[in-house]
Amino acid sequence: AGRKAGSCYDAGGKCEGSRHEASALPDWKRSGSIPYCGIILNGRRSMKRNSTDTLMSDCCLCPRECHADRLKGRRGYCRAAAELIAARAALHMWEETCISGKNGSGTVFFSGCSLGCVFCQNHNISRAEVGKAITTERLAQIFLELQEQGAGNINLVTPTHYIPQIIEAIEWSRKLGLKLPDRKSVV
């Protein structure tokens with residue numbers, strides 16, 4: 001009783017089964033208005049620099065908030081450990097025109113997913129059965145390669161459980177010349 005859907009916190013603001021304390025929770029977390037404790041906990045910039053290890057050792061990056069210790073190789077509901085796994089990266093032409101644009105969307109399919117849809121068209125990918133381990137640096141290079149191939153944007157498929165690595169890869173690739181999304185390529 002008192003537990004909000006999609007949250008590990010009870011009505012008093014105390015996390016059920018984790019190390020969070022009610023007094024440390026931001027107002028939005030106590031109110032239950034945003035279910036993602038990992039993404040916005042300390043703000044985007046400080047989250048990347050100060051709490052990536054915390055996020056991965058007590059995972060609450062998605063609304064499932066499973067608290068898996070992904071740094072120790074335990075897999076969350078998404079079936080992912082801390083290592084970044086990408087199943088495919090390529091130009092993708094088969095989305096709506098507003099997404100694919102003229103040259104295609106630079107799509108990166110990440111292995112694992114927190115949804116678990118029974119009708120998933122990417123079942124092997126979303127259930128973490130396929131993919132290759134890559135570094136954050138390699139992900140940044142992939143973003144740049146997709147841009148060089150003419151992608152109008154970067155389209156991330158099931159990325160939530162890799163948010164800390166993705167933020168870092170985007171920041172690196174921006175410093176190296178990533179300019180997407182390209183509004184001119186969208187029809």
Side-chain angles (χ1 to χ4, degrees), residues 6 34-36 38-41 43-45 47-49 52 55-56 59-66 68 70 75-187:
I34 300 176
Y36 305 98
I39 297 171
I40 306 174
L41 183 61
R44 185 176 83 82
R45 294 243 173 234
M47 184 271 307
K48 179 183 78 71
R49 289 182 176 78
T52 299
L55 293 172
M56 292 291 178
C59 191
C60 56
L61 287 166
C62 81
R64 301 263 184 202
E65 296 188 359
C66 66
R70 293 171 57 193
R75 298 181 183 277
Y77 186 89
C78 63
R79 298 186 179 185
E83 188 174 43
L84 182 60
I85 309 288
R88 186 176 200 289
L91 290 179
H92 188 60
M93 302 297 292
W94 305 278
E95 297 288 350
E96 293 80 4
T97 306
C98 61
I99 296 172
S100 294
K102 296 174 185 172
N103 299 322
S105 180
T107 304
V108 180
F109 289 84
F110 293 98
S111 189
C113 180
S114 62
L115 295 177
C117 304
V118 296
F119 53 82
C120 181
Q121 65 185 9
N122 300 314
H123 186 266
N124 290 345
I125 295 170
S126 68
R127 301 321 291 159
E129 296 169 2
V130 298
K132 180 179 178 182
I134 62 172
T135 63
T136 304
E137 294 88 352
R138 178 64 186 125
L139 182 58
Q141 291 171 344
I142 288 170
F143 293 162
L144 292 167
E145 290 166 10
L146 291 167
Q147 176 175 268
E148 289 172 15
Q149 294 171 25
N153 59 49
I154 299 296
N155 179 3
L156 306 175
V157 180
T158 63
T160 307
H161 48 287
Y162 295 121
I163 289 292
Q165 297 99 317
I166 291 168
I167 289 171
E168 191 171 335
I170 289 171
E171 288 179 349
W172 284 352
S173 60
R174 287 272 187 216
K175 289 177 185 173
L176 295 172
L178 183 69
K179 305 251 187 273
L180 298 178
D182 178 8
R183 299 195 196 305
K184 294 175 189 168
S185 71
V186 178
V187 175

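None of the values given here were measured: they were computed from a predicted structure. Counting from 1, the numbers follow the sequence of the chain as shown.
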Engineer: Would you check if the side chain of Arg75 reaches a backbone N or O of Ala82 as a donor-acceptor pair within less than 3.5 Å?
Structural biologist: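 No.
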Engineer: Can a donor-acceptor pair be found, under 3.5 Å and without considering hydrogens, that links the side chain of Asn103 to the backbone of Gly150?
Structural biologist: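 Yes; at least one donor-acceptor contact below 3.5 Å.
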Engineer: Once you round to the nearest 0.5 Å, how far does CG of Leu156 lie from CZ of Phe109?
Structural biologist: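 Reported to 0.5 Å precision, the distance equals 11.0 Å.
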Engineer: Does the Ser173 side chain pair with the main chain of Ile170, one donor and one acceptor, at a distance under 3.5 Å?
Structural biologist: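 Checked: pair present.
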Engineer: Do the non-hydrogen side-chain atoms of Ile166 and Val108 ever get within less than 4.5 Å of each other?
Structural biologist: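 The answer is no; the side chains never approach within 4.5 Å.
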Engineer: Whether Arg70 engages the ring of Tyr77 as a cation-pi pair (distance to the six-membered ring centre under 6.0 angstrom, angle to the ring normal within 45°) should be assessed.
Structural biologist: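 Negative - Arg70 is either too far from the ring of Tyr77 or too far off its axis.
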Engineer: Taking atom CD of Glu129 and atom CG of Asn124, what is their separation to the nearest 0.5 Å?
Structural biologist: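 Reported value, rounded in 0.5 Å steps: 5.0 Å.
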Engineer: Between the side chain of Gln147 and the main-chain N/O of Gly177, is any donor-acceptor distance below 3.5 Å?
Structural biologist: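 Side chain of Gln147 to backbone of Gly177, a donor-acceptor pair under 3.5 Å: yes, one is there.
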Engineer: Hey, does the side chain of Arg64 reach the backbone of Ser114 with a donor-acceptor pair shorter than 3.5 angstrom?
Structural biologist: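 Side chain of Arg64 to backbone of Ser114, a donor-acceptor pair under 3.5 Å: yes, one is there.
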Engineer: Would Glu145 and Arg138 pass as an ion pair if we require N to O under 4.0 Å?
Structural biologist: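 Salt bridge between Glu145 and Arg138, a charged N being under 4.0 Å from a carboxylate O: yes.
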Engineer: Between Val157 and Phe110, is any pair of side-chain heavy atoms under 4.5 Å apart?
Structural biologist: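 Not in contact.
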Engineer: Strictly distance-based, threshold 3.5 Å: is any side-chain N or O of His161 a donor or acceptor partner for the main-chain N or O of Cys59?
Structural biologist: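 Checked: no pair found.
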Engineer: To the nearest 0.5 Å, what is the distance between OG1 on Thr135 and CD on Glu83?
Structural biologist: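 Nearest 0.5 Å value for the OG1-CD distance: 10.0 Å.
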Engineer: Just how far is it from atom CG of Leu180 to atom CD1 of Ile154, taken to the nearest 0.5 Å?
Structural biologist: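 Result: 5.0 Å between the selected atoms.
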Engineer: Does any part of the side chain of Thr107, heavy atoms only, come nearer than 4.5 Å to the side chain of Leu91, both counted from C-beta?
Structural biologist: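 Counting from C-beta outward, Leu91 and Thr107 never come under 4.5 Å.
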Engineer: Begin with the C-alpha distance, continue with both residues' side-chain angles, and end with the deciding distance and a verdict on side chain to side chain contact (heavy atoms under 4.5 Å, CB included) for Ile85 and Tyr162.
Structural biologist: CA-CA 9 Å; Ile85 309 288; Tyr162 295 121; 3.7 Å; yes
Engineer: Under a 4.5 Å cut-off applied to non-hydrogen side-chain atoms, are Trp172 and Ile167 in contact?
Structural biologist: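 Answer no - side chains too far apart.
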Engineer: Determine whether Leu146 and Gln149 make a side-chain contact, defined as any pair of heavy atoms from C-beta on separated by less than 4.5 Å.
Structural biologist: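 Contact flag for Leu146/Gln149 side chains = yes.
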Engineer: Within the structure provided, determine whether Cys120 and Ser126 are in side-chain contact (heavy-atom separation under 4.5 Å).
Structural biologist: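 In contact.
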Engineer: What's the separation between atom CD1 in Ile163 and atom CG in Leu61, rounded to the nearest 0.5 Å?
Structural biologist: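 Going from the CD1 atom of Ile163 to the CG atom of Leu61 covers 7.0 Å.
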Engineer: Between atom CG of Leu115 and atom SG of Cys62, what is the distance when rounded to the nearest 0.5 Å?
Structural biologist: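 The CG atom of Leu115 sits 8.0 Å away from the SG atom of Cys62.
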Engineer: Identify the two heavy atoms, one from Ile142 and one from Ala89, that lie closest to each other, and give their separation to 0.1 Å.
Structural biologist: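 It is CG2-CB, 3.6 Å.
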Engineer: Is there a side-chain contact between Met56 and Pro164 in this structure, where contact means two heavy atoms from C-beta onward sitting under 4.5 Å apart?
Structural biologist: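 Side-chain contact under 4.5 Å: yes.
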Engineer: Could you tell me whether the side chain of Ser105 and the main chain of His92 form a donor-acceptor pair under 3.5 Å?
Structural biologist: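 Flag not set: sc Ser105 to bb His92 has no pair under 3.5 Å.
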